[in-house]
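Shown next, in structure tokens, is the structure this report addresses.
Indexing begins at 1, ligand by ligand and atom by atom, following the structure's order. Atoms considered below: every heavy atom in the structure, side chains included; atoms not considered: hydrogens, waters and symmetry mates. Note that the coordinates shown come from a computational prediction; the quantities given were computed from them, not determined experimentally.
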Amino acid sequence: MNLSPEATGGVIVSKMKVRKAVIPAAGMGTRFLPATKAIPKEMIPIVDIPMIQLIVEEAVKSGIEDVILITARHKESIENHFDFNVELETSLDEKNKKDLADLSRSIGQMCNLISIRQKNPMGLGHAVLCAAPAVGDEPFAVLLGDDLIDSKVPCTRQLIDVFEKEHASVVGVMEVPKAEVNKYGIIGGKSVGPRLTEVTSLVEKPSPAAAPSQFAIPGRYILSASIFEFLRKTKPGKGGEIQLTDALQMLAQTEKLLAYEFEGTRYDSGDRLGYIDATLAYALKRKDLAEGVREIMKKHLRS
Ligand code: G1P
């Protein structure tokens with residue numbers, strides 16, 4: 001096996017490449033009802049691209065080959081999206097709409113999609129644990145679908161670069177206002193380099209008074225496979241759910257865990273205003289739409 005272990009505080013940390021990403025997509029999407037009554041929230045588009053595709057694109061651009069989707073009942077449309085649609089593509093070919101046919105096929109070829117059902121909604125930590133059989137003993141990325149991060153170098157790639165240099169698990173962090181720490185997993189630790197913190201504590205959605213810092217984890221992680229061992233031991237925490245943050249707190253007591261303040265803009269697209277913000281920002285980046293969107297915005301601001 002391609003394991004070249006290195007001792008860090010008595011713990012073996014793998015130097016294997018990060019080739020796999022886990023994308024939890026089993027949630028019921030209650031924050032976005034009624035849109036999510038009959039379609040998965042992951043399929044809601046930002047302009048014309050389903051959010052889940054933007055997340056998979058970030059993973060693939062970061063060098064990920066296998067995407068492990070943690071899914072649930074009534075979410076088959078996500079799997080269909082990353083497959084071919086032979087009727088559609090053949091019909092587009094026949095109508096000489098080659099660009100559209102190629103666009104559809106390219107999504108089917110984006111990655112190897114491995115789909116695993118989370119049969120009961122028991123929290124993010126439990127969702128990640130469902131991926132254990134497909135991850136094996138390799139380090140892996142986790143990307144949460146509600147968090148869109150727009151950056152020159154994909155956020156997951158920035159974190160993999162830190163992982164490959166430091167041979168330690170790493171979480172992406174951003175500074176948030178004190179009043180908002182209760183929306184995130186919050187880290188505490190000591191600075192060990194530019195943008196880099198060695199994590200000594202993590203708390204899931206603390207009150208402002210209990211937060212160890214204002215550095216929040218907006219849904220991007222590179223984890224060593226030992227996280228599974230800690231997830232198996234994790235008791236239900238905040239909201240009665242198995243929290244990934246609680247398992248990371250245990251991991252940080254045994255192996256090195258780093259936090260990297262990534263470069264980029266993050267949008268909380270699971271929130272209505274965050275979704276509108278993301279939609280406008282992504283539309284304004286599109287050459288075919290930017291001018292039209294500016295005109296529409298001016299019209300609304302005048303009224
Ligand atoms: C989850 C995690 C939390 C993280 C957040 C990022 O919470 O539990 O640690 O900071 O995602 O979006 P959720 O927003 O799913 O409640």
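- Under the side-chain contact (heavy atoms from CB on, under 4.5 Å) test applied with L244, the options L223, L202, L129, I217 reduce to a single match, L223.
- Using modelled atom types, one side-chain atom of E89 and one backbone atom of N85 make a donor-acceptor pair closer than 3.5 Å.
- When all heavy atoms of A25 and L69 are compared, the pair lying nearest together is CB-CD1, 3.9 Å.
- Within 4.0 Å of ligand 1, heavy atoms belong to protein residues L124, L144, D147, Y184, G185, E204, K205, I217, P218, G219, Q243, T245, R266.
- The backbone N or O of A209 sits nowhere less than 3.5 Å from a side-chain atom of K178 that would complete a donor-acceptor pair.
- Applying the 6.0 Å contact sphere to CD of E291 captures no more than 12 heavy atoms from other residues, nucleotides or ligands.
- Using the six-membered ring where Trp is involved, F228 and F140 have ring planes that are parallel, under 30° apart on the 30 and 60° scheme.
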